[in-house]
Q: 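Have a look at this one.
Since the model is a prediction, treat every value here as computed from it, not as a measurement.
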There are 2 protein chains.
Amino acid sequence: MKPVSLKQIAKELGISITTVSKALNDYPDVSEKTRKKVKDLALKLDYSPNSFALGLRKNESKTLGLIIPDNVHYFFSSVIKGILEVAEKHDYLVIVMQSNEDYELEKKQVDLLISKGVAGILISLSNRTHIFDHLNKIINNGIPLLLFDKISKNVNCSKVFIDDRKSAYEAVSYLIKKGYKRIAHFRGDLNPQNSIDRFLGYKKALADNNIEFDPSLVYLCNNNSDFEDGYNSAKKLISDHQGNVDALFTVNDLLAIGAIKYFNQNNIKIPEQIALMGFSNWFMASVITPALTTVEQNGFEMGKKAADILFHEINCIRKGISYEPQKVVIPTELIFRESS
Amino acid sequence: MKPVSLKQIAKELGISITTVSKALNDYPDVSEKTRKKVKDLALKLDYSPNSFALGLRKNESKTLGLIIPDNVHYFFSSVIKGILEVAEKHDYLVIVMQSNEDYELEKKQVDLLISKGVAGILISLSNRTHIFDHLNKIINNGIPLLLFDKISKNVNCSKVFIDDRKSAYEAVSYLIKKGYKRIAHFRGDLNPQNSIDRFLGYKKALADNNIEFDPSLVYLCNNNSDFEDGYNSAKKLISDHQGNVDALFTVNDLLAIGAIKYFNQNNIKIPEQIALMGFSNWFMASVITPALTTVEQNGFEMGKKAADILFHEINCIRKGISYEPQKVVIPTELIFRESS
DNA sequence: TTGTACGCGTTATCAT
DNA sequence: ATGATAACGCGTACAA
């Protein structure tokens, strides 16, 4: 019922707790005979060290904290998977929390993680986080912090992210190279840097190819229901620019899929009448008809890289070495499919 | 840098550690004046109790363990969200692990969780788990265990799941009521109970409606790549039963979506030539064209209910009350869309 | 009202 | 080769 402790093993074997501890931790100054006795009994009793005592003694928890805005999300799920995989290899556990895009909650969760004594913290910021005291608190507590995907320039810590601007630029440039000239854009919320940067990449691609930027081709989608936003904006787009638009670049795949639904229903041929380019390469993008051309944003790799860096920093701290915050850009890639 | 302890507060105030502890924990036997002094300083220093010490002292961790086969999965993601939401309310943290359908890994993870001293454990079993010693070990350690979705009858603990057989029965009965008679089935792996039960529900619906069961209409899809399995099986289905099949019930939505892709590409009209019924109501089901009629399997509710029950049991243990394992069936619901 | 002493399980230091 | 002791931070029975 109650977990076995060193004490019980010592008692049963008639030796001291110290010796048991040494035997189990392979200290050289304990006889082979004793070591074997101890290890055998420990195995038999299924002993495992009490992690509270260990934590108290060594002040290390073998635990990471992870905060994301939303877990029910293909991209973030992939990131988590990458992080869990690396943590697993290091025999670390991961505490996962969802901020639900709520700044106050995020703050509270950070406090909880700090008080839990986690060895490191990974965060993808909520869209509503504009104050960073809670993040600096992490750093001031000597806990390595890593921001990924939704990052902030105002915090001095390691970051893993994609180059949204460049990726969007490449995506739109591809459309242009294919001959499309009237390219609409469904952009995301005005706040998050991602959505801003993708918009800027779109604009720059137009400019660099001498295509005049037409603000009426840009639609703001921020009702937090991407699929329907995509559907409705597609409808508006067609009624606004009937015949005078030949391509559409959306800030994420879901908007594109909503648009596809509308186009399919209204017999607007993809890509003949309008070409589509998404962003993120959600699983859905590959199974929809027509399959969606999009930008691969490798969440799994991002998760692995993020965890790798964090472990590097954790190790530095353990060894008392100082480290420099790193900024790593995860490469993206155009995925060519049927929609353009 | 280093977290503040009671000791420092005591020193700074020139009083004993005990008094500080009592003041912070609102013991009655400490003067108002002292209490205020202590609380003010604690707030100023941003004191928070060392959770290792607390865990060691009280042997409780305010932490749950959660093991799922795969996080990148709409259904499981939803379950996690439900669990996290309830845990949040109780001020509990959740350690999330992925077994990747690997029995050995699942076992190791259970050991880790036990040694971490988690207050309770939630598991959706891997498909390859047929030995249950590790689960009984949890119970023997006095830790509440709850199985959800992928459960086993051979473990004596609380369980939250859906009635796969009944749900499949209702789904197929609906198809029959609509007039379909030659109903094919894409079934899942032979092992997991879910896939067996859904198959049995399918058979029973046929039997109860005097439709002869035709084994040649059942296709085994177990290549772990549901979308392609669905696509390929649909192809086979058509070549095997051209014109002699009018509906298809798949063990999950992804198979159905693969089939839709094939039917769409080959101009086979849904539902005119073949009607489709999926299972799970993944997000994708609602956005695909045609939208997929399916069985809603409410993961979010399942997660919430699972966590509720677990917390009930954790409370019982804390109070020393005994409790009976519960079995809760989460209701499913037919979602009518365009595919049938 | 305040403080002393002990124990939770572990490991590091120092004696034996 | 082995063991006694202290310390990590906290809560609590008990003494003052």
Side-chain angles (χ1 to χ4, degrees), chain A residues 1-39 41-42 45-63 114-119 141-142 318 320, chain B residues 1-39 41-42 45-63 112 114-119 141-142 318:
Chain A
M1 208 71 190
K2 220 183 164 186
V4 294
S5 63
L6 293 184
K7 196 197 263 187
Q8 292 165 54
I9 297 183
K11 196 169 163 191
E12 198 150 331
L13 255 42
I15 58 181
S16 79
I17 294 177
T18 308
T19 307
V20 176
S21 170
K22 284 178 174 173
L24 288 176
N25 287 302
D26 285 323
Y27 274 56
D29 59 346
V30 47
S31 74
E32 261 321 310
K33 215 178 105 197
T34 312
R35 186 193 317 285
K36 182 159 170 28
K37 258 197 331 194
V38 170
K39 286 205 170 179
L41 184 58
L45 296 185
D46 200 22
Y47 166 82
S48 79
N50 179 306
S51 68
F52 297 131
L54 270 181
L56 188 56
R57 196 64 179 62
K58 305 210 199 180
N59 208 31
E60 73 175 30
S61 63
K62 293 231 171 200
T63 304
I114 293 177
S115 82
K116 266 288 165 181
V118 294
N141 270 276
R318 270 221 315 234
Chain B
M1 208 73 189
K2 218 181 164 189
V4 295
S5 63
L6 293 186
K7 198 197 262 186
Q8 293 165 53
I9 298 184
K11 197 169 164 191
E12 198 149 332
L13 255 40
I15 58 180
S16 79
I17 296 177
T18 308
T19 305
V20 176
S21 169
K22 283 179 175 172
L24 289 174
N25 289 302
D26 284 324
Y27 273 55
D29 58 348
V30 46
S31 74
E32 261 321 311
K33 212 179 110 196
T34 311
R35 185 193 317 285
K36 181 156 172 32
K37 259 197 330 193
V38 170
K39 286 205 170 179
L41 184 57
L45 297 183
D46 201 22
Y47 165 82
S48 77
N50 179 305
S51 68
F52 298 131
L54 270 183
L56 189 56
R57 193 65 177 62
K58 309 216 220 177
N59 210 31
E60 73 176 29
S61 61
K62 292 229 170 203
T63 304
L112 254 175
I114 292 177
S115 81
K116 266 288 166 180
V118 294
N141 269 276
R318 270 220 315 232

Q: Is there a side-chain polar atom (N or O) of B:S21 under 4.0 Å from OP1 or OP2 of D:dG11?
A: yes
Q: Find the distance B:F52:CZ to C:dG7:P and express it as a whole number of Å.
A: 24 Å
Q: In this structure, how many angstroms lie between the C1' atom of D:dC10 and the CZ atom of A:R57, rounded?
A: 16 Å
Q: Any idea which heavy atoms bring A:K22 and A:D29 closest together, and the distance?
A: NZ-OD2, 3.4 Å
Q: Compare side-chain N and O positions of B:K7 against OP1 and OP2 of D:dC8 and report whether any pair is under 4.0 Å apart.
A: yes
Q: Under 4.0 Å: is that the gap between some side-chain N or O of A:Y47 and OP1 or OP2 of C:dT10?
A: yes
Q: Where the side chain of A:P49 is concerned, which of D:dT2, C:dT10, D:dC10 is the nearest nucleotide?
A: C:dT10
Q: Report yes if a side-chain nitrogen or oxygen of A:T19 is closer than 4.0 Å to either non-bridging phosphate oxygen (OP1 or OP2) of D:dG3; otherwise report no.
A: yes
Q: Rounding to an integer number of Å, can you tell me how far A:I17 CD1 sits from D:dA7 P?
A: 17 Å
Q: What's the CD1-P distance between A:I15 and D:dA4, to the nearest Å?
A: 11 Å
Q: Between A:S5 and A:K22, which residue's closest nucleotide on DNA chain C lies nearer the 5′ terminus?
A: A:S5
Q: Ignoring hydrogens and angles, are the base of D:dA1 and the side chain of A:S31 linked by a donor-acceptor pair under 3.5 Å?
A: no
Q: Heavy atoms from C-beta onward define the side chain here; which of C:dT10, D:dT2, D:dC10 lies closest to that of A:L54?
A: C:dT10
Q: Write down the atom of A:L45, the atom of A:V4, and the distance for their closest heavy-atom approach.
A: O-CG2, 3.8 Å
Q: Distance check needed: C:dG3 P versus B:K11 NZ, whole Å only.
A: 16 Å
Q: Heavy atoms under 4.0 Å, any strand shown: does B:N59 hit a base, just sugar-phosphate, or nothing?
A: nothing
Q: Whole angstroms only, please: what is the CG-P distance between B:L56 and D:dG9?
A: 12 Å
Q: Do any side-chain nitrogens or oxygens of B:T34 fall under 4.0 Å of OP1 or OP2 in C:dT2?
A: yes
Q: Between B:N50 and D:dC8, is there a contact of a side-chain N or O with OP1 or OP2 at under 4.0 Å?
A: no
Q: Are side-chain N/O atoms of B:K116 and A:T63 paired as donor and acceptor at under 3.5 Å?
A: yes
Q: Going through the checks in order, is the side-chain contact (heavy atoms from CB on, under 4.5 Å) test met by A:L24 and A:L6?
A: CA-CA 10 Å; A:L24 288 176; A:L6 293 184; 3.8 Å; yes
Q: So, OP1 or OP2 of D:dG3: does either fall under 4.0 Å of a side-chain N or O from A:S16?
A: yes
Q: In whole angstrom, give the distance that lies between atom NZ of A:K58 and atom C1' of D:dG9.
A: 18 Å
Q: Do B:L41 and B:Y47 make a side-chain contact, defined as non-hydrogen atoms from C-beta onward lying under 4.5 Å apart?
A: no
Q: Calculate the interatomic distance between A:Q8 atom CD and C:dC8 atom P; express it in whole Å.
A: 11 Å
